[in-house]
Amino acid sequence: MTQEEQDFAGADGVSDARRVVGYLVRPESDEYIAIMDVLEGSVTDLTAAEVTAALPAAGLRLDTRVVEARLNALNDLGAVSVRSDNSHARRYVEILARNWRYTASPAGRHVQRFYRQVLAGTATVREIPIVSLNRIVTHLESLAAALGAREPVADGLDSACVDAVGAVFTSHDDLDAALVGAEDALMALADRFDLDEERTGDLKGLLVDYATHVAAELDSGSARAAAALTTLVPWFGPLAQASIDASQARDLIAAGALTASRGGRVEDWEGLRAWFDVRTGRAARFSLRLVRTLPSMHANLRRLHSSTGTASSRTRALSLARAVLTPEVGVQIFQAAVGDHAWRKLYGQADEDEAGRNPSWRGGPQVPVPTLLRTTGRSGPRGRGSAPRDDTAVRAQVAADRARRQDEHLAAVTAVLAAVPGQQLDEAAAQVALAALMAAARAGATGPARTGTSGGLACTLVHTGTGTATGTVQAPTWCVLVPGRIPLFHQPGRRPSRAAMEAVSGAAVTDDLTARAVLRIAPQRGPGHLSSRQTPDTAPSQEGAA
């Protein structure tokens, strides 16, 4: 394995399944994919020589040493597992790497199948099964009618309820797969402005004749399903347990060897409820994408309508291009179209009619040059155009200014990280700290802390309760107070420094339950801290929620 492959394999210290996807984006990805196809299609472990012998069937021929290098790289990424075949070893040299046997790891099989089924395949648009939606709504409403007025008890569910749960999730899988495919096809057409008449007609038919009807059905069906699922929220746990009890593999599911099918977990029911949400669900997003596609369709229709007119320059140019392709008279047509015609000189028309039909440039009538051509046209003899303006100095100045601003920002970030909580900062460092503090104040809280990042600097607000400690960010002329919270500045993705952690070591930390943190801006009356007669609670300030 090359040094580049070794660096790629150990990049960022990634140790989970994300490393396995690395072989799909390498320069030799075709070779890695072919080798993984051979390993994924074999039921037994294969040696490097056996993999080399199987590659020509896939249209790829590689040397055995290259295959060994690729297999070792796949092993480092976690896509392949390796074991030593010592069953026929008689010498030490026979237990070296060329005697190893390789097989695809579970993560490697998942990545390879994902590539073959999703990335490498052509997306097919299936019909959206409205029948499946009707089946889901019918079963959910029947479950809500039967269980809505009862107390949630796991033993009170019969086989009809279990069958209804299986039908709901089976129909939902079918509906979701078809809707995602139709949504992708819709966005692929909507994102293009240069569609031809046929593709624009497809988009128009998809919007008007089909997708609009489907969106209406999805909106009404999703509203009914969401109402039924809201009634069934207390029954999510008993319904999931009843699905597991009715399964033939319930012992393996209880032991943790298998995962229950859809409907056997409370998370599946919560995901189903989110799918049918009337505001953020899949059906609502599909309707919004329909609305976003309408302007694109109208833009394509207007462009095609204008281009089909006889007075369009684009139409004349296309007609000329098609006519010039004629092998017999194409040259004559081109010369006749772009020849020396009086009515085409400089986009003007001569007033004299006695000069003949096709006068020469020198002897023809004079035509006034348009104003735009006089002001922007290039004068001088014909030939090679003038060289472009040399803007090297300006580019260098812009690059130097950008580098200077970046250096000043990095210096400000370093100053904030080196300061202790409550220490006065200079104006530039205080502005950088305030931006990170505002980002943290707007972020949602997780337990006692909320964290935000801005410009390469992270801020964590630790909640200490109302009426306790008050965090500050001080500049020479202003000060920001954070009542009940202490700001700790650190690098993104890392813990605060030890000096910063000592600021909250003696404080009573409690969970932060508010949606936003409250900041107070107080003016500084001197170069130092607040006046000795003013406390953070008594200083004149402007209060607001970030």
Side-chain angles (χ1 to χ4, degrees), residues 110 117 124-183 210-287:
H110 283 298
Q117 296 175 4
T124 57
V125 182
R126 296 189 302 167
E127 177 187 3
I128 300 176
I130 300 300
V131 177
S132 299
L133 176 63
N134 296 336
R135 191 179 299 115
I136 294 172
V137 173
T138 301
H139 286 297
L140 286 178
E141 288 181 343
S142 63
L143 286 174
L147 305 177
R150 297 164 50 185
E151 292 294 330
V153 180
D155 298 336
L157 299 176
D158 53 6
S159 59
C161 295
V162 177
D163 295 340
V165 170
V168 165
F169 283 95
T170 302
S171 302
H172 178 260
D173 289 338
D174 188 22
L175 176 63
D176 182 66
L179 190 60
V180 169
E183 191 174 349
Y210 182 65
T212 307
H213 170 70
V214 171
E217 293 288 342
L218 286 172
D219 289 341
S220 60
S222 297
R224 294 172 58 185
L229 286 170
T230 303
T231 306
L232 292 174
V233 167
W235 286 89
F236 282 175
L239 287 171
Q241 186 61 40
S243 300
I244 296 176
D245 295 339
S247 174
Q248 297 180 355
R250 55 182 177 273
D251 295 335
L252 295 175
I253 295 174
L258 293 178
T259 302
S261 59
R262 293 200 61 205
R265 299 181 305 166
V266 178
E267 293 81 3
D268 298 336
W269 289 92
E270 295 291 346
L272 186 66
R273 187 185 179 192
W275 198 97
F276 283 109
D277 190 271
V278 295
R279 292 182 299 173
T280 60
R282 173 70 67 182
R285 295 199 300 269
F286 185 75
S287 300

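In this text the structure is predicted, and so the values were computed from the model without any measurement. Scope of the values below: all heavy atoms of this structure, side chains included, with no hydrogens, waters or symmetry mates.
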Q: Compare every heavy atom of D277 with every heavy atom of A284, then report the nearest pair and how far apart it is.
A: CB-O, 4.3 Å

Q | salt bridge (charged side-chain N to carboxylate O under 4.0 Å, His left out) contacts in which one or both residues fall within residues 230-241, not counting sequence neighbours | A | none

Q) Who passes side chain to side chain contact (heavy atoms under 4.5 Å, CB included) against S243, sequence neighbours left out? A) V165

**Q.** Value rounded to 0.5 Å, distance of CG in L239 from CG in D268
**A.** 12.0 Å

Q: For A164, check side chain to side chain contact (heavy atoms under 4.5 Å, CB included) against everything at least two apart and list the hits.
A: H139, L143

Q. For the atom pair OG1 (T170) and CG (D174), what is the distance rounded to the nearest 0.5 Å?
A. 9.5 Å

Q. Which atom pair, heavy atoms only, marks the closest approach of A226 to V278?
A. CB-CG1, 4.4 Å

Q: Could you tell me which residues satisfy side-chain hydrogen bond (donor to acceptor under 3.5 Å, both in side chains) with D163, sequence neighbours excluded, listed by chain and number?
A: none

Q: Answer yes or no: is there a side-chain heavy-atom contact under 4.5 Å between V137 and L133?
A: yes

Q: Locate the shortest heavy-atom distance separating L272 from F169; write the atom from each residue and the value.
A: CD2-CZ, 4.1 Å

Q: Work out which heavy atom in T280 is nearest to a heavy atom in R285; give both atom names and the distance.
A: O-NH1, 2.9 Å

(Q) Would you say that L232 contacts R273 through its side chain, given a criterion of any heavy-atom pair below 4.5 Å between the two side chains? (A) no

Q | Counterpart residues, side chain to side chain contact (heavy atoms under 4.5 Å, CB included), relative to E267 (two or more places apart) | A | R265

Q | Euclidean distance, S171 OG relative to D176 CG, rounded to 0.5 Å | A | 12.5 Å

Q) Are any side-chain N or O atoms of S220 and backbone N or O atoms of E217, one a donor and one an acceptor, separated by less than 3.5 Å? A) yes

Q: Identify the heavy atoms of W275 and L175 that sit nearest to each other, and give their distance.
A: CH2-CD2, 3.7 Å

Q. Atom CD in E270, atom CG in L229: separation rounded to 0.5 Å?
A. 9.5 Å

Q: For L140 and A225, work out which heavy atoms get closest and say how close.
A: CD1-CB, 3.9 Å

Q. Sequence neighbours excluded, which residues qualify as side chain to side chain contact (heavy atoms under 4.5 Å, CB included) partners of V131?
A. R135

